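Here is the structure we will look at, set down as structure tokens.
Since the structure is predicted, the reported quantities are computational estimates derived from the model, not experimental observations.
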Amino acid sequence: IPLGRLHAHHACAQPAELAPGIRAGQIPGQLDDQEAGKRLRRVVHRPYSEPILTDRSIASRETAAEKRRLILAAAVRVFARDGYHTSRVGDIAEEAGIAHGLLYHYFPSKEQVLATVFRENWGELLEAFRRVEESDEPADEQLRGIAKILLRSWRNDPDLVTVMVREVARSPHLQGQVDEIREGFLTIQRVIERGQADGVFRAELDPRLASWIFYGGLEEILTGWVLGQLPDGDEEVARAERTIVDVVCGGLTARGVVSA
């Protein structure tokens, strides 16, 4: 390409004179101005502009995700401390250290914040339940594993458990989440059904009712800790794990089978 024809200082430069009947671009090594501009843009702009935009967009997404996590963590602390119904969006923003208006960029309402807290944390619990269910452990040990996951969550994050037990379970705003809640009970039910099929649990018992009894016992223990009605030290948590499993699995276990 004759670079002089594209040089910025030759704004009035004209295409080189061609022989009659020959158009620009027909001579080998020579391009018309329009085609040259297209190729130059492909060569110059693509290697530089796209990676820069990609890096910026990745950094922006990471910043937004971190800000979102910050808001949710602050909401859990506020809801656990002050209660959901008496808390304001401004309280969450202040706890998170952000402007009130910025919170609305991520969540349209306080109700949506609570729904997100439930959905994301319940999803993590369901995934932990599935890993237990897919393990090679016998059914009674799988129930023991599920009990440990739920009860030890109190020691790991008491604020979150307080919100899940005191606010989420009694919130009319979360009726649309029943399918997600049901999946937790279905996981426990499948474990019990497998124990019945393997001869570990009594075949005559209703596995659906048994799953609700098992989960209900665990939730009531968590509620006792949230309300301060049961001791919740490390030793007491371990004792609760043993007691719930012994009581439920003792009633489920088929005659002649020794529970682990």
Side-chain angles (χ1 to χ4, degrees), residues 79-80 84 114-115 117-133 135 137-197 200-233 235-254 259-260:
F79 293 159
Y84 169 77
L114 181 63
V117 167
F118 163 75
R119 185 175 60 253
E120 295 191 357
N121 288 283
W122 184 253
E124 291 180 6
L125 275 176
L126 290 180
E127 181 58 33
F129 287 0
R130 291 189 192 102
R131 289 195 296 269
V132 171
E133 182 187 7
S135 70
E137 295 291 333
D140 53 347
E141 281 300 310
Q142 289 186 351
L143 288 183
R144 191 182 304 275
I146 290 173
K148 288 179 179 179
I149 290 169
L150 278 172
L151 297 181
R152 292 183 186 183
S153 65
W154 171 254
R155 303 299 295 164
N156 295 334
D157 196 340
D159 283 349
L160 177 60
V161 173
T162 297
V163 173
M164 296 286 279
V165 168
R166 190 180 65 194
E167 308 295 350
V168 171
R170 294 161 177 79
S171 173
H173 303 293
L174 297 178
Q175 295 304 310
Q177 312 290 342
V178 291
D179 288 341
E180 295 166 350
I181 296 173
R182 184 184 300 115
E183 182 56 37
F185 291 93
L186 289 176
T187 301
I188 298 171
Q189 181 177 330
R190 288 193 297 269
V191 170
I192 294 173
E193 288 171 341
R194 187 170 67 82
Q196 290 175 318
V200 176
F201 295 151
R202 293 161 56 189
E204 72 274 14
L205 296 179
D206 186 324
R208 182 171 178 270
L209 285 176
S211 68
W212 281 71
I213 292 169
F214 178 75
Y215 183 86
L218 293 171
E219 186 176 32
E220 285 305 309
I221 292 173
L222 290 173
T223 301
W225 291 336
V226 168
L227 299 179
Q229 299 301 303
L230 291 175
D232 62 348
E235 183 177 341
E236 284 77 17
V237 171
R239 183 182 300 117
E241 292 174 8
R242 294 192 301 270
T243 302
I244 191 70
V245 172
D246 288 348
V247 168
V248 174
C249 288
L252 284 170
T253 303
S259 180

**Message:** To the closest 0.5 Å, what do you measure between CG (L160) and CZ (F118)?
**Reply:** 11.5 Å

**Complete:** Of V165, V237, V161, the one forming a side-chain contact (heavy atoms from CB on, under 4.5 Å) with W225 is V237

**Message:** The test is side chain to side chain contact (heavy atoms under 4.5 Å, CB included); show your working for I188 and W212 and say whether it passes.
**Reply:** CA-CA 8 Å; I188 298 171; W212 281 71; over 6 Å; no

**Message:** Could you measure the distance from the CD atom of E219 to the CD1 atom of I221? Nearest 0.5 Å is fine.
**Reply:** 11.0 Å

**Message:** If I compare all heavy atoms of L114 with all of E167, which pair ends up nearest, and what's the gap?
**Reply:** CD1-CB, 4.4 Å

**Message:** Applying side chain to side chain contact (heavy atoms under 4.5 Å, CB included) to R144 and E137, what does each step give before you reach the verdict?
**Reply:** CA-CA 10 Å; R144 191 182 304 275; E137 295 291 333; over 6 Å; no

**Prompt:** Where do V191 and F214 land on the side chain to side chain contact (heavy atoms under 4.5 Å, CB included) test, with the steps shown first?
**Reply:** CA-CA 12 Å; V191 170; F214 178 75; over 6 Å; no

**Request:** Could you tell me which non-hydrogen atom of L252 sits nearest to which non-hydrogen atom of A210, and how far apart they are?
**Result:** CD2-CB, 3.9 Å

**Asked** Do the side chains of D140 and T253 get nearer than 4.5 Å, heavy atoms only?
**Response** no

**Prompt:** If only atom types and distance count, is the side chain of E236 paired as donor or acceptor with the main-chain N or O of P231 below 3.5 Å?
**Reply:** no

**Complete:** Between S211 and Q189, the two heavy atoms sitting closest are CB-N, 3.7 Å

**Asked** Within the side chain of R202, is there an N or O that forms a donor-acceptor pair under 3.5 Å with the backbone of G251?
**Response** yes

**Message:** Within the 4.5 Å heavy-atom criterion, are W122 and M164 side-chain neighbours or not?
**Reply:** yes

**Message:** Could you tell me if the side chain of L150 sits less than 4.5 Å from the side chain of F129, heavy atoms only?
**Reply:** yes

**Request:** Could you list the residues that satisfy side chain to side chain donor-acceptor pair (under 3.5 Å) with R130, not counting sequence neighbours?
**Result:** E127

**Prompt:** Judged by atom type as modelled, is there a donor-acceptor pair below 3.5 Å linking the side chain of Q196 to the main-chain atoms of L205?
**Reply:** yes

**Item:** Value rounded to 0.5 Å, distance of CG in L218 from CD1 in I146
**Value:** 9.0 Å

**Asked** Side-chain donor-acceptor pair under 3.5 Å between R190 and T187, yes or no?
**Response** yes

**Message:** Taking E133's backbone N and O only, do any of them form a donor-acceptor pair with Q142's side chain (distance below 3.5 Å, no angle check)?
**Reply:** yes

**Message:** Return the CD1 to CZ distance between I149 and R131, rounded to the nearest 0.5 Å.
**Reply:** 7.0 Å

**Asked** Got L143 and F201 here, is their nearest side-chain heavy-atom distance under 4.5 Å?
**Response** yes

**Request:** For G195 and A139, work out which heavy atoms get closest and say how close.
**Result:** CA-CB, 3.5 Å

**Item:** salt_bridge(R152, E241) N-O dist < 4.0 Å
**Value:** yes

**Complete:** Rounded to the nearest 0.5 Å, the CG atom of L151 sits from the CZ atom of R239 at a distance of 13.0 Å

**Reference residue T243; test side-chain contact (heavy atoms from CB on, under 4.5 Å); the match among V245, V247, D246** = V247

**Message:** Before you tell me yes or no, could you show the steps for T162 and F79 under side chain to side chain contact (heavy atoms under 4.5 Å, CB included), namely the whole-Å CA-CA distance, both residues' side-chain angles and the distance that decides it to 0.1 Å?
**Reply:** CA-CA 9 Å; T162 297; F79 293 159; over 6 Å; no

**From CG (D206) to CD (E193), nearest 0.5 Å** = 9.0 Å

**Closest heavy-atom pair and its distance - I244, A147** = CG2-CB, 4.1 Å

